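Have a look at the structure below, then the notes.
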Amino acid sequence: MRKIVLILLILMIFTVGYQTSNASDYLAYQEIVFVYDGARLLEDYSDDEYELYYGKMSGRRFWGWKTFTAQDSEPVEFIKETLFIIKNDGDTAISQEFQFGQKETIKKQYGVSGTLGLKGKGSEKTFELGLEEKLQFEASATSTTVIDESVEIKVMIDPGTQVIVQVHGEGKVSNGVARYYRFFKEVKKGGWEVFVVTTEYFSLVKERL
Amino acid sequence: MIKRLMMLFVLVASVMVILLMLIKPREEFYVLYKSKSYSMMKSSNNESFQIDMLASMKESFYMDEEFIVRGVIRNQKTDEQVSIEVNDIHIDDHPVQLDRLYYPVVFDVRLSFAMDSFEITYDEAVLELVFENQEMLSIEMGEFYYLEDQSSSYINVLEMIATHEVYHGLTVSGLYLELAHNLPGEIIIREIALGSSVASINPFYTKEMHTSVSYDDQLKDILYPVNYDHVKIQEGELNIHIRRSQTIAHYFPFTYLREDLLMHRFYLKIIYLFEGEIREEVIDDFPYIRQNMLAHSEEEYDVYYPRMQSEFIRETIQES
């Protein structure tokens with residue numbers, strides 16, 4: 001009896017948070033704004049929207065994916081995290097050599113909800129079970145490009161100000177829902193999202209503290 | 001007997017024809033590349049730069065740095081050249097979809113010698129990679145401007161924001177700079193030169209600013225109500241006085257000198273007068289705009305095939 005209760009508890013733990021999402025780092029951006037009204041990120045889908053989109057995928061499959069694309073390449077603007085901050089809360093201006101060097105990526109990022117999964121680590125993340133290939137014709141393909149940045153500039157920071165390197169950008173978001181079948185049995189179900197960074201704008205900005 | 005032999009011959013010939021039809025011809029390797037502006041100041045010893053392109057195959061002899069025996073960047077106009085080392089070739093696992101699938105490739109490259117303060121200014125640069133099998137990949141890479149780190153650093157940057165617009169592609173249209181210095185007296189900025197042949201600063205429309213700009217401001221909003229011409233060259237000299245402990249902000253609009261390349265990342269040379277002496281200082285290349293390779297359409301790329309080195313030499317002799 002104890003074993004049965006324990007198994008039920010474990011099953012409950014796995015079923016709680018069914019719609020929680022798992023995504024690459026774009027969800028950590030400071031701000032993402034869609035250019036056109038009505039578009040939304042996967043994490044903002046309501047339960048009703050999920051049901052509506054699942055309803056658009058009628059019938060079962062013997063094996064493989066059934067997908068529905070709710071948004072195809074919707075343009076977004078974003079503020080990525082601030083890359084660099086030098087503060088001066090003293091009384092005199094300070095002059096400092098500022099450097100940043102990093103492996104930055106302009107890339108395609110992935111998000112999932114429900115029981116859909118991601119595989120891989122960091123910039124190599126992609127959808128599980130070949131969902132990427134299935135969506136290839138629906139979401140415009142792009143890739144990860146590794147760029148080694150190395151900048152060294154002498155900056156002056158006035159008293160009571162901070163100098164920051166800000167990254168703004170533009171991208172495209174595609175999302176929808178999918179189901180995965182094996183022997184006509186649904187084994188995976190949830191939302192998918194692809195976030196493609198198309199352009200990034202860097203600026204060195206002074207702000208009051 | 002003869003009839004049987006004939007039958008056998010016809011049968012063998014038919015099988016051979018069918019086999020030949022079924023065997024796919026070996027796919028030829030090629031790369032897609034879009035010319036760009038390379039403008040960089042070497043600020044540290046292990047600094048390298050990247051050349052990105054799209055390859056028709058993921059696995060290829062030409063995409064292995066072990067098989068590259070020699071690499072140079074050559075100025076097509078003057079035949080000056082610098083030798084390079086390919087540190088690494090990074091091939092992306094995820095192909096991109098254009099007319100067919102292509103694999104993004106990034107060549108991590110460094111110059112194979114140290115320079116003093118010499119500036120490389122190749123307006124029409126060609127990347128040449130020679131492989132073990134005597135074949136060569138020759139790619140018109142765009143412009144190549146390169147400068148070693150300059151030791152003096154008296155000029156300080158307080159703000160640096162580029163405005164951008166779609167002109168003949170997405171490009172920097174001007175630069176907002178707030179500057180100061182730590183010299184014991186006044187300096188007079190006489191010129192700000194871009195490390196590029198693509199554009200230059202328009203001194204006539206350079207404007208002193210009292211408020212900062214935003215990355216998404218447009219040139220026409222800042223220079224309002226001027227009807228600005230991006231290609232009209234206007235002579236003039238800057239005359240920006242900066243006293244000690246003073247900061248001064250200006251917006252520098254760009255004049256485009258060529259339309260085949262876009263300005264995304266570049267270094268700046270500030271030429272100024274201090275105590276009657278002309279001095280120069282360089283602000284490191286900064287990635288004002290960065291674009292995904294797929295921001296460009298398939299038609300914007302050029303196609304390059306590796307060819308025998310002797311063919312290139314013959315062509316060069318014929319041209320000369």
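We name chains A, B, ... by the order of the sequence lines, and we start the count at 1 in each one. This is a predicted model, so every value here is computed, not measured.
- The distance from the CZ atom of B:Arg290 to the OG1 atom of A:Thr198 is 12.5 Å, given to the nearest 0.5 Å.
- There is no contact between B:His264 and chain A, counting heavy-atom distances below 4.5 Å.
- For B:Thr247, the part sitting under 4.5 Å from any heavy atom of chain A is the side chain, from C-beta outward, and nothing else.
- Of the inter-residue distances, the one linking B:Tyr176 atom OH with A:Leu204 atom CG reads 11.0 Å to the nearest 0.5 angstrom.
- For A:Lys56, the NZ atom sits in a loose shell: 12 or fewer heavy atoms of surrounding residues, nucleotides or ligands are nearer than 6.0 Å.
- Most heavy-atom pairs under 4.5 Å with chain A, from the set B:Leu179, B:Leu158, B:Ile161: that is B:Leu158.
- The structure places CD of B:Glu159 at 9.0 Å from OG1 of A:Thr161, a figure rounded to the nearest 0.5 Å.
- A 4.5 Å side-chain heavy-atom check between B:His164 and A:Thr199 finds every atom pair outside the cut-off.
- Between A:Lys154 and B:Asn182 there is a side-chain heavy-atom pair separated by less than 4.5 Å.
- Annotation: maximal heavy-atom pairing with chain B below 4.5 Å, among A:Lys206, A:Glu77, A:Glu170, occurs at A:Lys206.
- Proximity to chain B involves both the backbone and the side chain of A:Val205, based on heavy atoms less than 4.5 angstrom apart.
- To the nearest 0.5 Å, atoms CG (B:Asp285) and CD1 (A:Ile153) are separated by 8.0 Å.
- The aromatic rings of B:Tyr215 and A:Tyr201 are tilted relative to each other, their planes meeting at an angle between 30° and 60°.
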